Amino acid sequence: MAANHRSEASSSGGGRGESVVSDCGRRRSSCGYCKSPNGFSSVSHGLIAQSLTVDDYQDLLDRGWRRSGSFLYKPDMSTTCCPSYTIRLKAADFSPSKEQNRVRKQMERLLVHFNQIMPLRFLDGTLDTKAKPELLEDLNTSKVACECECHGRSSLATVETSVDVEEDKNEPEQFMHYLSDAIDKAVQACIERETFSANLQLPKASVKGVSPTKKKKLVKGLENLSYTSNIAFQLAATLRRAQSGKKDEKGSEFSGISAEDQLPSELTPRRIGEKLARSLSQMDETSGFLVQACNGHLNFYSIAEHASADKTGEEKSLSKESSTRNGNKRRCMVRCCKCCSGRRRKLEILLKRSTFEREEFELYRRYQLKVHKDNPAQVTESAYKRFLVDTPLVFVPSTNDGSVPPCGFGSFHQSYVIDGRLVAVGVVDILPKCLSSKYLFWDPDFAFLSLGKYSALQEISWVKENQVHCASLQYYYLGYYIHSCSKMRYKAAYRPSELLCPRRYQWVPFNVAKPRLDESKYVVLSDYKDQDEKPLLPPVSDHISEHQHEESEHKDLNDCFVGDEMFDPDEEDSDVVSESESSNVELPETEDREIGNALIGLQGSPLRYKDLQGALGPAERILEGQVQRYVRVVGRELSERMVYSLG
């Protein structure tokens with residue numbers, strides 16, 4: 001059972017450390033996900049929080065609410081165009097996928113610390129001084145002749161080395177990692193040239209070595225094939241799926257590839273492989289290898305082996321010397337991030353309370369303009385503060401009783417700094433039961449590091465690590481899962497996850513919910529059975545019908561968006577739903593009748609609603625309707641704890 005932190009909270013904003021909210025009503029706005037042509041198709045309930053205890057916000061999360069700055073919102077699931085289900089996972093049960101492991105290993109290859117791969121974590125700006133002293137010793141370095149393009153043909157570069165035998169053993173694996181990254185750069189180059197659409201989440205490349213057994217089966221002259229990749233087949237499948245999703249849109253063109261490549265024949269792995277091969281050759285990222293596309297496969301041939309084939313005597317001796325030089329070239333390729341900088345990479349992860357910092361705002365602005373193509377006039381300092389800096393959460397400091405983690409409870413910015421350069425910022429809320437991920441923005445120059453995925457993995461690890469300090473802290477909340485929006489489905493890749501039933505507020509395993517969501521966008525998830533065919537809960541008799549809408553893609557969210565969209569209650573393209581329409585919302589009747597104990601704030605004094613009845617005259621009927629709707633959307637228990645301010 002989580003400790004109750006209301007009595008410990010400061011009195012800022014709430015008078016006595018209480019949650020104080022005011023009503024924004026039920027609102028319609030244009031949808032950023034489906035961009036429905038029906039106008040204000042996104043419907044949600046809204047509250048403005050003057051102050052909010054971490055316990056109350058935790059309970060609001062578990063009823064489907066989220067926050068954007070001090071604005072709290074909850075989708076009206078039965079009427080909104082894109083139903084949004086709260087998604088979470090238990091950190092201790094997290095099982096990373098192959099792709100998530102690849103992202104972690106990619107970062108580890110970049111960050112070599114203290115003679116081993118080990119990213120440093122800084123908490124609240126303080127270095128963990130418990131690291132072993134022997135790890136602080138510098139690596140031994142040796143002078144190695146390097147002829148890669150980045151050093152010039154006659155220069156002598158200092159290359160960091162570990163034990164030579166181990167490095168030789170790992171060299172093929174290093175080449176595969178390097179070539180995978182080179183292909184990803186080629187894909188990114190194709191995106192920049194608009195060969196591929198930036199609105200698609202494209203797969204990452206994987207390179208495999210060719211075994212000696214397979215080499216023997218190759219025709220003469222191709223025995224020097226060293227590595228190969230089938231990324232063109234994966235890209236073709238992704239592009240074809242995107243094209244098929246566009247076929248029903250009248251007059252639209254397929255945006256997966258450029259206009260010149262819209263013919264079905266241009267989606268073949270063969271043509272995509274040829275494009276990538278040309279891009280790799282132009283980028284000069286594969287010195288020491290010859291790149292060729294063959295029936296969709298990207299093949300990498302060792303230039304050194306090819307040059308030495310069929311030579312004898314003096315020619316063979318010269319070829320051997322050439323092979324050595326090319327070997328040094330390839331060896332430098334996998335070390336280039338270390339050679340060129342002359343020092344090892346260093347990652348700092350700092351967690352600090354939510355405050356405005358100019359450097360973070362400038363990074364946010366670059367991210368919004370370059371990644372999301374936002375209007376520069378709208379990416380202002382004041383909008384950034386309202387969205388990601390302002391918070392109603394009352395901070396709870398650390399304790400020594402095992403109920404609060406060392407950083408405390410509240411709103412935080414977790415920054416990622418590589419070699420002194422800010423590359424990403426995650427905005428999170430740390431609550432009694434969870435770390436709730438709100439938003440992440442990153443440096444577009446570091447897109448190849450998949451910082452969205454990496455930050456999610458770090459946040460899951462943070463929850464695991466801090467369970468020692470706070471036993472109730474067990475979950476990682478990823479925001480909303482929107483099954484009808486393909487760009488928001490990535491959140492289900494963090495397994496095993498659960499979705500919140502929008503009717504009974506019970507958590508349902510994602511593998512149970514998915515088949516139902518494949519059939520309908522809005523589902524009372526707790527009506528359905530688990531894998532053992534046992535009813536989760538008795539079915540609800542008054543199902544709410546779903547409003548059907550055409551699906552279309554949201555703007556690019558990529559993997560950066562473990563959190564929620566910007567939601568501004570004052571935005572121009574929104575409309576407050578009338579009270580008569582709002583009263584038609586279907587919600588549990590039991591809560592509708594139990595409004596007498598709702599806590600009402602009137603002229604600074606909190607009173608129970610039943611104590612106000614009969615004292616407000618003609619305004620009482622209007623107030624009763626407002627209180628009924630408020631109790632419905634927040635629940636009876638929260639309505640009796642939070643102060644519903646009337647001014």
Side-chain angles (χ1 to χ4, degrees), residues 96-106 108-109 117 148 161-187 202-237 268-270 272-281 283-312 316 319-336:
S97 66
K98 183 177 180 180
E99 167 64 12
Q100 289 157 359
N101 280 327
R102 185 199 67 79
V103 169
R104 190 191 299 275
K105 289 178 181 178
Q106 177 180 255
E108 289 173 347
R109 290 198 303 273
I117 296 172
C148 69
T161 61
S162 56
V163 180
D164 292 339
V165 175
E166 291 299 320
E167 185 170 300
D168 290 340
K169 288 181 180 179
N170 294 331
E171 190 171 286
E173 184 178 351
Q174 291 176 323
F175 287 151
M176 287 187 281
H177 290 319
Y178 178 82
L179 294 174
S180 297
D181 292 341
I183 296 173
D184 289 338
K185 290 180 183 178
V187 173
L202 299 175
K204 298 292 185 180
S206 175
V207 174
K208 295 182 179 180
V210 179
S211 66
T213 304
K214 290 184 178 180
K215 284 186 179 183
K216 291 179 181 179
K217 297 179 181 180
L218 296 173
V219 298
K220 187 175 181 180
L222 299 180
E223 302 91 337
N224 58 334
L225 176 61
S226 301
Y227 304 99
T228 185
S229 174
N230 65 352
I231 182 62
F233 292 89
Q234 300 175 46
L235 290 171
T268 62
R270 179 194 295 270
I272 293 174
E274 291 170 356
K275 290 178 184 291
L276 292 178
R278 286 197 299 271
S279 182
L280 284 166
S281 299
M283 292 165 59
D284 195 25
E285 289 281 343
T286 55
S287 177
F289 289 99
L290 175 66
V291 186
Q292 290 184 350
C294 181
N295 295 327
H297 293 275
L298 274 179
N299 294 333
F300 298 87
Y301 299 88
S302 170
I303 294 176
E305 292 178 13
H306 181 73
S308 62
D310 301 325
K311 294 190 177 185
T312 58
K316 191 171 183 179
S319 180
K320 184 176 181 180
E321 182 179 344
S322 175
S323 175
T324 302
R325 287 198 300 270
N326 278 291
N328 284 337
K329 285 186 183 181
R330 294 196 303 274
R331 190 169 290 111
C332 184
M333 284 195 301
V334 298
R335 297 172 179 161
C336 64

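Because the structure is a prediction, the values reported are computed rather than measured. Keep in mind that the numbers below use all heavy atoms, side chains included, and drop hydrogens, waters and symmetry copies.
Between A232 and P269, the shortest heavy-atom contact is CB-O, 3.4 Å. Closest heavy-atom contact between A182 and L280: O-CD2, 3.4 Å. Closest approach of T268 to A236, counting heavy atoms only: C-CB, 4.3 Å. For Q234 against K204, the heavy-atom pair with the smallest separation is OE1-O, 4.1 Å. Closest approach of Y227 and L179 over heavy atoms only: CD1-CD1, 3.7 Å.
Listed for the S229 side chain is a donor-acceptor partner under 3.5 Å among the backbone atoms of S206. Proximity of a side-chain donor or acceptor of S180 to a complementary backbone N or O of M176 within less than 3.5 Å is detected.
Atom CG of N295 and atom CD of E274 lie 9.5 Å apart (nearest 0.5 Å). From F300, atom CZ reaches atom CG of L290 across 10.0 Å, with rounding to the nearest 0.5 Å. Note that NE2 of H297 is 10.5 Å distant from CG of L225, once rounded to the nearest 0.5 Å.
Heavy atoms from other residues, nucleotides or ligands lying under 6.0 Å from CZ of R102 number more than 12.
Shown are D184, I183, I272; of these, the side-chain contact (heavy atoms from CB on, under 4.5 Å) with I231 is made only by I183.
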